[in-house]
Amino acid sequence: MFEFDIAYKKYNNKFDIHGTVLYPAPMIAPIQNKILNELVGYKKEIRLLDPFHGSGIALYEAALLSSDFKINGFDINPLANLITNVKLNGINSYFIKEDAFQIKEMLSSDIDFPIHDFPRIEKWFRKDVIMSLSKIKFAIGQIEDVRNRKYFWVIFTNVVRKYSNTRSSTYKLHIKKPNAISSIENNIEDDFLKRIEKNKSHYLLNNYNHNIKKCDSLVEMANMDKNCIDVLITSPPYGDNHTTVPYGQFSTLSIFWIDKIDLILDGWEMNSYSTIDSMSMGGSVTRFELGKLEKTIVEEYTNRIAIHKRKKVVRFLADYFEFLSQTIRITQDYIILTLGNRTVDGINISLTQISKQYIEAKSKFVILKEFSREIPYKRIPKITSSVNSMSVSSMNLEYVLIFKSLTIEN
Ligand SMILES: C[S@@+](CC[C@H](N)C(=O)[O-])C[C@H]1O[C@@H](n2cnc3c(N)ncnc32)[C@H](O)[C@@H]1O
């Protein structure tokens, strides 16, 4: 089982649905597809969960493969929820031509529309860009069919980001130089219309066997019954968002532009550009403490990190152990983790070792397969931080760990 190569050096998501919308740190779709394909039919109905679904790559691939999968997904980020729901629900093909035409007509007419506003909008968008995006926002809001309207929002998020004043070289909000801002060419409306036309053929799945929740996974998983999931497949964050991947900052710029009626919100998400990051794993509040086993597992890393950097790392790891502890409680058969090992203060924090040690010590799961692959393209540079003025390398390898429960026969 699972005897294949996962290098995928030449994989380019440009040719599939996952390339139609940008979201940070995506999984490699064909890898998840190959893994899930091995599980198709091992049970008639496979209860699947991705508790950090992000842009829904694993969940979409599961839905593509088989209706055996009963799909569940959680993410704290409303943009991730919207993208995943749209990938799984698809568009309404009966009305898409009409709806796209309606948008085109509105954009080419001299209509009245409200000019959108939110905190610091003029820092992140040029005035003429605000006008064009406001007109598109208004036009999308007039579409009655919910599936098509949400598809338009997803495509719109790429356009929002492309014509914003933030740099494309990083997921953090980082203002471009003034000359780069003034040289942005405003062909926004035309670009948006072309994208909705070009990408719609990818959104034809119409899966009805899924439940995608906008929630904090650590809270949600604690409320789930023991063994209520057959296969848990996910790529958790590998550190707190602020010092690793700021999913929240990346998403908030787009979230501000989408009509609230089409987002699942608790109400706090838009308090600032980084609230989602603060509320995510390892965020600004300490929720869990390390127990005796957990301390033993991580002290070889944490003891070597400077004290002022240790707190954040320990806070993240305590959340991570809570995730693992709930995972082994709610999962019956397989746990599949795509992981990155990060470096803090020159110390490589091996989430793969940490996960293996904890899961094998605390549960009925054993490691069945371990893959690694080089990450060919990265937005986070390979050399990121400096220790004693020397550059140190960041995360360059990605790992996939497959655990199997000892209670499964054969
Ligand atoms: C590595 S990304 C997942 C990427 C995804 N596998 C994909 O291919 O697009 C991790 C995700 O965890 C989410 N996340 C972080 N903390 C969370 C929490 N406490 N509850 C739910 N989701 C959380 C982030 O919003 C992010 O989407």
Side-chain angles (χ1 to χ4, degrees), residues 1-6 8 11 13 16-18 26-75 80-81 83-93 147 201-213 215 217 220-221 223-236 326-338 359 363-369 371 400-410:
M1 224 178 166
F2 304 112
E3 292 307 322
F4 43 74
D5 178 39
I6 68 156
Y8 283 101
Y11 168 68
N13 69 9
D16 62 38
I17 189 171
H18 308 298
M27 286 166 154
I28 302 298
I31 299 178
Q32 304 303 317
N33 188 293
K34 267 194 171 170
I35 292 170
L36 288 164
N37 192 33
E38 299 258 331
L39 296 174
V40 171
Y42 96 91
K43 259 184 186 169
K44 182 68 199 118
E45 188 179 80
I46 303 170
R47 298 161 302 173
L48 187 88
L49 171 66
D50 183 343
F52 304 103
H53 65 60
S55 59
I57 292 178
L59 300 183
Y60 177 83
E61 294 302 315
L64 258 195
L65 281 167
S66 165
S67 54
D68 284 353
F69 292 114
K70 192 171 181 304
I71 292 168
N72 299 283
F74 306 148
D75 205 290
N81 278 159
I83 295 171
T84 303
N85 264 314
V86 172
K87 282 184 182 174
L88 291 168
N89 288 328
I91 53 173
N92 184 338
S93 330
R147 282 197 285 158
S201 62
H202 289 296
Y203 287 80
L204 299 174
L205 185 63
N206 295 172
N207 173 283
Y208 290 102
N209 204 3
H210 63 264
N211 182 15
I212 303 302
K213 274 197 181 171
C215 58
S217 295
E220 195 69 22
M221 289 168 88
N223 290 325
M224 291 167 77
D225 290 340
K226 194 170 176 230
N227 291 339
C228 66
I229 293 298
D230 298 302
V231 176
L232 186 140
I233 182 164
T234 197
S235 64
Q326 295 305 336
T327 294
I328 57 183
R329 190 183 64 78
I330 65 171
T331 311
Q332 187 155 305
D333 297 336
Y334 292 95
I335 299 170
I336 301 156
L337 303 177
T338 299
I359 291 178
S363 76
K364 61 193 178 191
F365 288 92
V366 288
I367 187 90
L368 179 67
K369 188 83 196 179
F371 295 103
V400 180
L401 304 183
I402 304 179
F403 298 88
K404 181 179 176 181
S405 166
L406 286 170
T407 60
I408 312 180
E409 281 164 26
N410 73 54

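Computed over heavy atoms, backbone and side chain alike; hydrogens, waters and symmetry mates excluded.
- At a threshold of 4.5 Å between non-hydrogen side-chain atoms, the residues Lys43 and Asp333 count as touching.
- When side chains are defined from C-beta on, Thr84 does not count as touching His210, because their heavy atoms never get closer than 4.5 Å.
- Put simply, CG on Leu59 and CZ on Phe74 are 10.5 Å apart, with the number rounded to the nearest 0.5 Å.
- If you take CD1 on Ile6 and CZ on Phe371, they are separated by 6.0 Å, rounding to the nearest 0.5 Å.
- Put simply, the side chain of Ile328 does not reach to within 4.5 Å of the side chain of Lys364, judged on heavy atoms.
- A donor-acceptor contact shorter than 3.5 Å links the side chain of Asn206 to the backbone of Asn89.
- With 3.5 Å as the limit, one finds a donor-acceptor pair spanning the side chains of Gln32 and Thr338.
- Contact between Leu39 and Ile46 at its shortest, heavy atoms only, is O-CD1, 3.3 Å.
- Note that CG of Asn207 and CG of Leu64 are 9.5 Å apart. Values are rounded to the nearest 0.5 Å.
- With Arg47 contributing its side chain and Asn72 its backbone, the two residues share no donor-acceptor pair below 3.5 Å.
- Across Asp5 and Tyr8, no two heavy atoms sit closer than the pair O-CE1, 3.9 Å.
- With contacts defined as side-chain heavy-atom distances shorter than 4.5 Å, the pair Lys87/Tyr203 qualifies.
- Between Leu36 and Phe69, the shortest heavy-atom distance links the atoms O-CZ, 3.7 Å.
- Checking side-chain atoms of Ser217 against main-chain N and O of Pro51 turns up a donor-acceptor pair under 3.5 Å.
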- request: Tell me, with the steps shown, if Leu204 and Ser93 meet side-chain contact (heavy atoms from CB on, under 4.5 Å).
  value: CA-CA 8 Å; Leu204 299 174; Ser93 330; 4.0 Å; yes
- request: Would you please test Thr331 and Phe365 for side-chain contact (heavy atoms from CB on, under 4.5 Å) and show each step?
  value: CA-CA 10 Å; Thr331 311; Phe365 288 92; 4.0 Å; yes
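- Side chain of Glu38 to main chain of Phe2: a donor-acceptor pair is present (N/O by atom type, distance under 3.5 Å, no hydrogens or angles).
- Once rounded to the nearest 0.5 Å, the distance linking OG of Ser66 with CD of Glu61 reads 13.0 Å.
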- request: For Phe4 and Ile31, run side-chain contact (heavy atoms from CB on, under 4.5 Å): C-alpha distance rounded to whole Å, both residues' side-chain angles, the deciding distance at 0.1 Å, then the answer.
  value: CA-CA 9 Å; Phe4 43 74; Ile31 299 178; 5.5 Å; no
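- Put simply, the side chain of Ile233 does not reach to within 4.5 Å of the side chain of Tyr334, judged on heavy atoms.
- Note on ring orientation: taking the six-membered ring where Trp is involved, the planes of His18 and Tyr60 are perpendicular (angle over 60°, cut-offs 30° and 60°).
- Contact record, Gly54 with Asp75: N-OD2, 2.9 Å, taken as the closest heavy-atom pair.
- Side-chain contact between Tyr11 and Asp16 is present, with heavy atoms from C-beta onward closer than 4.5 Å.
- Between the CG atom in Leu232 and the CG atom in Leu49 there is a gap of 5.0 Å [rounded to 0.5 Å].
- Atoms CG and OG, from Leu368 and Ser405 in turn, are 11.0 Å apart once rounded to the nearest 0.5 Å.
- Checking side-chain atoms of Arg329 against main-chain N and O of Met221 turns up a donor-acceptor pair under 3.5 Å.
- Checked by atom type, the side-chain pair Thr234/Asp50 shows a donor-acceptor distance below 3.5 Å.
- Between the side chain of Asp230 and the main chain of Gln332, no donor-acceptor pair closer than 3.5 Å is present.
- Here the closest non-hydrogen pair linking Pro26 and Ile57 is CB-CD1, 3.5 Å.
- Between Tyr42 and Asp68 there is no side-chain heavy-atom pair separated by less than 4.5 Å.
- By the 4.5 Å heavy-atom criterion applied to side chains, Ile17 and Leu205 are not counted as neighbours.
- Shown here is Lys369, whose NZ atom has more than 12 heavy atoms of other residues, nucleotides or ligands within 6.0 Å.
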